[in-house]
Amino acid sequence: MSLTSKSIRGSAWIGIAVVLGAIVQIVQLAVLARLLTPHDLGVVAAVLVITAFADLIATMGISNSIIQRQTATASELSSLSWLNVMVGVLVAILTLLTSPLVGLFFRDPQIATLTALLAVVFVVSPFAQVPRGVLERDLRFRSVALTELAFTLAYAVLSILAAYFDAGAFGVLVSYVFAVIIRSACLVLLARSAFRLEFHFKFAETRRFLSFGVFQSLDSLISFASANAGTLVVGRVVSPSALGGYNLATTYAVNFPARVNTILTRVAFPVLSQVQNSRTRLAAGSASVISAAAILNGPILFGLIAAGPTFVVAVFGSSWLWVTPVLQVLALAGYTRAVGNPMGAILMAADRMKLGALVNLVKSIVSIAIIVVFGLSWSTIGVAYGMFVVGLAGMLVNYFLLVYTIGLSPRSAITSNLVGVLFSLPVFVVVWAISAFGNLAGLSVYLNLAICVSAGAIVFVLLLALVPSVLREPFQGVLISLWVFASRRWRGDRGRA
């Protein structure tokens, strides 16, 4: 099968998994918002942020290093896997030892206890890193997508059941541990045809992968710290209860776009890696990925701003209405993050992780300082504004990286970042008008939200048909990929990935 065909199938499978996973997560959060207290939601958010940060250390960028290096022997893969496991066990021990400090930081002993509980994740997840890297290197995204969907479903179902039976934050986090175990087992089993772990380890065999993976992991850690600085500030400066509301808003306005972007970046990274020696093709591919991210996320986020109060009451309940302004400001920050998300995959494909890590370090130091100052000055809403300011600064930095590192023309760099606004403003106006009229007319919030979503979707489709082809082309490429794949599956043309 050609690289194009594999890209089509990869885009489709990742797209299906992300869309279904996002729907599941929307339902999960909507239900948990009604079953858990704001404090419980804040505790869950705090623990998951800390453990996610530690998990980035434990994984060491192994999966992406396998993709970028393209070739690896069976002995090299086994050595990488055992090194990953050893680091994971070390991280688990450090998590146990430092969990009391985490509790002191958030001023909540329950957070310390549950952080220690989740240390088991770092013993389990490293076994799946090499299998994931092998599957994605070979563009076997169907297996990866189905695994991610199984993880999302398991976590959603188990956490909702735990919350229903009053297990609180403890039950939700235990559900997360079981879901991680399921995901790891699936990846190991699905990759057995290409990789089977052997009792073999030589550190020398890992060096050429670590030279990439360590910088990639460092870059991810820096980006993660910057992206989650708001969570840490709200949890520390305000309260875990405020963090519960902030986490809901962040999930929909910032994290959801990041998940949607995996449709593009998870496939774009291995594909761009295979054209890394052609500066022209790498620049053109980078512009297309960023443009598609802008067009895909812009209308959704601007529509969320327009229908903010209606959305919050319909999805979370009226008791969470105070979250609305935070959600709206974070949606603006979400757009700036959405167009910046692909930069990590682009720099990895170009093997410029040292530069990316350095730039991200400077950006993160400045970003954290801005968010802390805004949070101390204006509490939770201040953190949201700080996130938006940081996002705008990030777009400016990415512009220079695209022009002077990737070789994109200044015009293309600007267009690819701002094209989403063209598709967003008409959607915003229509959704805002309908939402305001529905509230004045006394419509049910559920009916009002359904009309807003439908109208916004219609406007978006019309824009795709009416705007110049040069602007809609990147997003149409994604739609065509999904349609071609679905048609082939319907006709039974399964091929071989």
Side-chain angles (χ1 to χ4, degrees), residues 13-36 38 40-49 51-52 55 118 121 125 144-164 167 169 171-183 186 224 227-228 230-231 243-266 293 296-297 299-301 303-304 307-308 311-317 320 323 326-327 330-331 333-335 337-338 341 446 449-450 453:
W13 275 113
I14 294 298
I16 291 169
V18 169
V19 170
L20 293 179
I23 293 172
V24 171
Q25 188 180 39
I26 287 172
V27 174
Q28 177 191 18
L29 279 178
V31 175
L32 290 180
R34 288 169 166 78
L35 294 176
L36 297 178
D40 280 337
L41 280 177
V43 168
V44 171
V47 174
L48 288 182
V49 165
T51 53
D55 190 54
L118 259 69
V121 168
S125 59
V144 178
L146 291 176
T147 299
E148 291 298 330
L149 189 57
F151 165 78
T152 304
L153 284 170
Y155 178 41
V157 172
L158 292 174
S159 63
I160 289 172
L161 287 174
Y164 180 78
V172 173
L173 292 172
V174 169
S175 300
Y176 177 79
V177 172
F178 278 108
V180 169
I181 294 172
I182 292 171
R183 178 176 61 189
C186 289
F224 185 87
N228 291 276
T231 298
L243 178 58
Y246 178 84
N247 181 60
L248 286 177
T250 303
T251 298
Y252 282 84
V254 180
N255 296 343
F256 176 75
R259 288 195 63 186
V260 170
N261 277 356
T262 58
I263 300 174
L264 304 170
T265 57
R266 290 278 291 278
L296 187 65
N297 290 283
I300 296 174
L301 292 170
L304 186 61
F311 176 85
V312 169
V313 174
V315 177
F316 305 142
W320 293 95
V323 176
V326 177
L327 176 73
L330 284 175
Y335 178 80
R337 293 296 180 95
N341 285 151
Y446 302 104
L449 182 61
V453 172

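Residue numbers count from 1 along this sequence.
- What you find for Thr152 and Gly21 is that their closest heavy atoms are CG2-O, 3.7 Å.
- Among residues two or more places apart in sequence or in another chain, the side chain to side chain donor-acceptor pair (under 3.5 Å) test is passed with Ser159 by Gln28.
- Residues Leu449 and Val453 have side chains in contact (heavy-atom distance under 4.5 Å, counting atoms from C-beta outward).
- For the residue pair Ala253 and Leu327, the shortest heavy atom distance occurs at CB-O, 3.8 Å.
- The ring pair (Phe, Tyr, Trp, His ring centres under 6.0 Å) test applied to Tyr246 returns no partner, not counting sequence neighbours.
- The backbone N or O of Gln25 sits nowhere less than 3.5 Å from a side-chain atom of Tyr155 that would complete a donor-acceptor pair.
- The CG atom of Leu32 lies 11.0 Å from the CZ atom of Phe316; values are rounded to the nearest 0.5 Å.
- A 4.5 Å side-chain heavy-atom check between Phe151 and Val180 finds at least one atom pair inside the cut-off.
- Counting heavy atoms from C-beta on, the side chains of Val121 and Tyr176 come closer than 4.5 Å.
- When all heavy atoms of Leu304 and Ala331 are compared, the pair lying nearest together is CD2-CB, 4.4 Å.
- We find the CG-CG distance between Asn247 and Leu48 to be 8.0 Å, quoted to the nearest 0.5 Å.
- One finds the CG atom of Asn255 at 9.5 Å from the CG atom of Leu330 (value rounded to the nearest 0.5 Å).
- Val49 is listed as a side-chain neighbour of Phe224, based on a closest heavy-atom distance under 4.5 Å.
- How far CZ of Arg337 is from CG of Leu301: 12.5 Å, rounded to the nearest 0.5 Å.
- In this structure, the side chains of Trp320 and Leu41 come closer than 4.5 Å at one or more pairs of heavy atoms.
- Side-chain contact between Leu29 and Thr251 is present, with at least one heavy-atom pair separated by less than 4.5 Å.
- With rounding to the nearest 0.5 angstrom, the CG atom of Leu161 is 7.5 Å from the OG atom of Ser175.
- Looking at Arg34, its side chain does come within 3.5 Å of a backbone N or O of Val315 through a donor-acceptor pair.
- Atom CG of Leu118 is separated from atom OG1 of Thr51 by 5.0 Å, given to the nearest 0.5 angstrom.
- Considering every non-hydrogen atom in both Leu296 and Ile300, the closest pair reads O-CD1, 3.4 Å.
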Checklist entry - Do Val177 and Ile181 pass the side chain to side chain contact (heavy atoms under 4.5 Å, CB included) test, and can you show the C-alpha distance, the side-chain angles, and the key distance before you say yes or no? => result CA-CA 6 Å; Val177 172; Ile181 294 172; 4.2 Å; yes
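- Using a 4.5 Å heavy-atom cutoff, the side chains of Val326 and Thr250 are not in contact.
- When all heavy atoms of Leu248 and Ala33 are compared, the pair lying nearest together is CD1-CB, 4.2 Å.
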